Amino acid sequence: MLAEGLNGLLGHSALIVGFAASLFGAMALIAATLLRNPRLMRTVQSYGTIALVGAILAVIVMERGLITRDWSLAYVQKVGSRDTPALFNFTALWSALEGSILLWLLLLATYSFVIMRRYRNRVGDPLVAWALVVMFAVTGFFFFLALGPTDAFRAAATPDFLRCCKGPNPLLQNHVLVLFHPPILYLGFVGFTVPFAFAIAALVTGRVGEGWLVETRRWALFAWGFLTLGILLGGWWSYEVLGWGGVWGWDPVENASLLPWLTGTAYIHSVMVQERRGMLRVWNLSLLVATFSLTILGTFLTRSGVINSVHAFSDSDIGPYLLGAFGVVVAISLLLIGWRGDKLRAPGAIDSAVSREGAFLANNVVFALFAFVVVLGTVFPLIAEAKDDRKISVGSPYFDTMARPIGLVLLFLMAVAPALPWRKAGGELLRDRLFWPAWCGAATLALAVALGGDGLAPLLAFGLAGFAGGAALRQLLLATRRQGYRGLLGRANGGMVVHLGVILIAVALAASNSYTRAGQFTVAKGETVTFAGHTFTLVDLTDFTTSRSVGIRAQVSIDGGQAYAPAISKYTAFGMDVATPSVKSGLTNDIYLTLENGSQPSTGVAKLKIFIKPMVLWMWVGGGLCAFGTLLAAFPGRNRRRPTDPVSAPIALDMNDADQPDLVEVEQPAHA
Amino acid sequence: MKQLKRWPGWMLLVFVVAGLLAVGSTRDSGARTPEERVQEISKQLACPVCNGETVYESRNSQSDSIRTEIAKQVSSTDATDDEIIAFIVQNFDARTQLVPNASGFESLVWVLPSVALVCAGVALYFAFRRWRNTIDLVPDDDDRQLVATALERE
């Protein structure tokens, strides 16, 4: 038996207290709700606070262990080292599974606490009470994981420094984005627990109308915003660190983050149909259940060792627990949906496929199909191996082939949907509203062709992106002309800003995937090579040594100007080469330099790989717009429709301008 | 302006877009550089020893050898991309191609999404048909009475 140090003792104690608080909190809430006992109900606040304190304490203790190099902890031996710089020592918390679960736990306990404080005066409301029960239950499950299968505070024997204590994986101690990408991504993953909890509460209480949607509108939006930002930061990190010049490789871990984003995006669109028309109730519940359970499934796929991934920094025994949790979530949700089947029947009908709700439905079908393709491609190697005991890989070529037409359809829907009125659209109305956006698309296409663009798929992407951009700008123009800057606020208008961001990302992806130029050159010191209209001069090539690595760095002057410094580092403890690309970013293209193996400072000869990647900068600008648009969407717009209005209520005539033209159409006695 | 937005304006748009697409998609963008060809081939091969990386992405020494061999084949032979891939699969234990076959069991990965799409389309068709039937319901006397009572109350 290994002796437990102070940090181990404190950490375990914090986790046990947090686990007990979550368990008691859930039980107290259930008992208080069933027995209608307000006194018992009041104790719930304390349980939530204790659970949060437990999670915070566990994280602080682990950080203390990492910073003070407490080798009595197995986790510190696994990801700590004497040479890791302070920043990466701090981020080592989430550089392997056990610490990642602590981070997940901290965010989950924080969300639970904030929800509890937000609804402290309404905890007697069964909807809120059952939502908190779910939050407590999920928090308790993660406390259980942190205590058992992924125990970060497990004691370790005296370290053998020849074999252990190498620090985090080199890829996780090479760029500052490691500080931002995982926590922001987790904020998105964990954030979807809130709408999921309210969805389950709505099913349990039978209040399956639109009330719970209104309660969770902003939570879902923020979770989606964080998830979007987290995924983009991951792409940026990959671009800056991995050295292969791409942002997305369809790796199983990347796919695991994309899946909840796809179903979450479908949800934040289709939820508007339910709020406005009271329809798609089962579908929206299913999307939330899918979004939440896909975060669990994704974690299972990538952390259990069943699928290989460059991102899966450790294997563990957590698989059966996560798979079990996934099964329980899906089973309970399906049972509840089946039980409440009668109440989930929509009171209305979608009048026409050519309507806003028809477009949202089409959007949902496409997103669901996309999610199916990603799940299938990700798990297919497992299925093939189980069937034939034969290893196959399904990678970028498959996903790119499938994603291309889906992306084009989504761009088309983004172009058309904002112009469609609710209920039903006439041909003349569409001709009028889509005319200028369509010409925007044609102008974009013409520009792309004039600049030398070729290939049907990228040209279609540019044309449709211009069309969608025109539609979004038209909507924003109408709104701001009437309401000034307030015309940018609210879900409809903020959503259009998000659309503009997504369009920029789509254009940047289409351009960089289709028109990247690449060349490899062997260059001697002082020699200049020319590629794609640029000159590259090798100014210097030197060795360097740090406390963690040895490497080679080149100094390459681009077009006779500033020198850029691509490098290769060999992390001595791991024996692993990590490329550090150097990027000259510009509005029209990035010049991306990597130094290849075979470069020799002694002879002064470098092997350089040069990528000219068009429009990459706009991907990050688009990401910024998505984040900004999400914030705008979270603020209420002017004269917002009250959430308490029944869905069948007449639509107010003073709604924001973006929706104003719809009213005329609604008033038309199409089937009177 | 209204006139412009009617069918002549849209017809013009269709012609312009079709023309631009025809010009752009049939344009010869020139030969790929050897490095670009090496890239495209290496993106279709899985690194034999790494975790889910392609030969293109991986910095492993085996992937490095495969890239060198691809570059050699590209520069010194007339082999097509498929022939080079077949050669690498045979000689480098690169057992895993990143593109599933379009036949046999692996074809399911292509077929199932198409089946799902058709199923979704059929489901939507029936959903809209059901909704249309719902809308076609004519209000009966009880419905009219309900509305009249509600209006009187206001």
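Both backbone and side-chain heavy atoms feed into the values below; hydrogens, waters and symmetry mates do not. Please read all numbers here as calculations on a predicted model, not as lab measurements. First the proteins, then the strands, lettered A, B, ... as listed; each starts at 1.
Of the possible donor and acceptor atoms, one in the side chain of A:Arg433 sits under 3.5 Å from a partner among the backbone N and O of A:Ala419. B:Tyr56 places no side-chain N or O within donor-acceptor distance of the main-chain N or O of B:Ala46, the cut-off being under 3.5 Å. A:Ser352 places a side-chain N or O within 3.5 Å of a backbone atom of A:Val354 that can act as its donor or acceptor partner.
If you measure heavy-atom distances from B:Phe128 to chain A, the contacts under 4.5 Å come from the side chain alone. In this structure, chain B has a heavy atom under 4.5 Å from the side chain of A:Met402, while its backbone stays farther away. With a threshold of 4.5 angstrom between heavy atoms, A:Thr401 approaches chain B through side-chain atoms but not through N, CA, C or O. If you measure heavy-atom distances from B:Val23 to chain A, the contacts under 4.5 Å come from the side chain alone.
Applying the ring pair (Phe, Tyr, Trp, His ring centres under 6.0 Å) criterion to A:Phe399, with sequence neighbours excluded, gives A:Trp250.
The stretch residues 116-125 of chain B places B:Ala116, B:Leu117, B:Ala120, B:Leu124 near chain A, each with some heavy atom under 4.5 Å from a heavy atom of that chain.
Contact count against chain A (heavy-atom pairs under 4.5 Å) is highest for B:Glu106 among B:Glu106, B:Gln39, B:Lys43. Among A:Tyr515, A:Phe611, A:Tyr398, the residue making the largest number of heavy-atom pairs under 4.5 Å with chain B is A:Tyr398. Ranked by heavy-atom pairs under 4.5 Å with chain B, the list A:Gly453, A:Pro458, A:Ala442 is led by A:Gly453. Heavy-atom pairs under 4.5 Å with chain B peak, among A:Leu445, A:Leu459, A:Leu460, at A:Leu445.
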Atom pairs and distances, donor-acceptor, side-chain atoms in residues 359-377 of chain A, under 3.5 Å, two or more places apart:
residue: A:Asn364; atom: OD1; partner: A:Ser270; partner atom: OG; Å: 3.3
residue: A:Asn364; atom: OD1; partner: A:Trp283; partner atom: NE1; Å: 2.5
residue: A:Asn364; atom: ND2; partner: A:Ala266; partner atom: O; Å: 3.2
residue: A:Asn364; atom: ND2; partner: A:Phe360; partner atom: O; Å: 2.9

Can you give each donor-acceptor pair under 3.5 Å made by side-chain atoms of residues 13-20 of chain B, sequence neighbours left out, with the distance rounded to 0.1 Å?
none

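More than 12 heavy atoms of other residues, nucleotides or ligands lie within 6.0 Å of CZ in A:Phe380, so this atom counts as buried by the packing criterion.
Rounding to the nearest 0.5 Å gives a distance of 3.5 Å between CD of B:Glu83 and OG1 of B:Thr80. One distance of note links CZ of A:Phe521 with OG1 of A:Thr530; it measures 8.5 Å at 0.5 Å rounding.
Inter-residue side-chain proximity for B:Gln44 and A:Pro397 is flagged as met; some heavy-atom pair is nearer than 4.5 Å.
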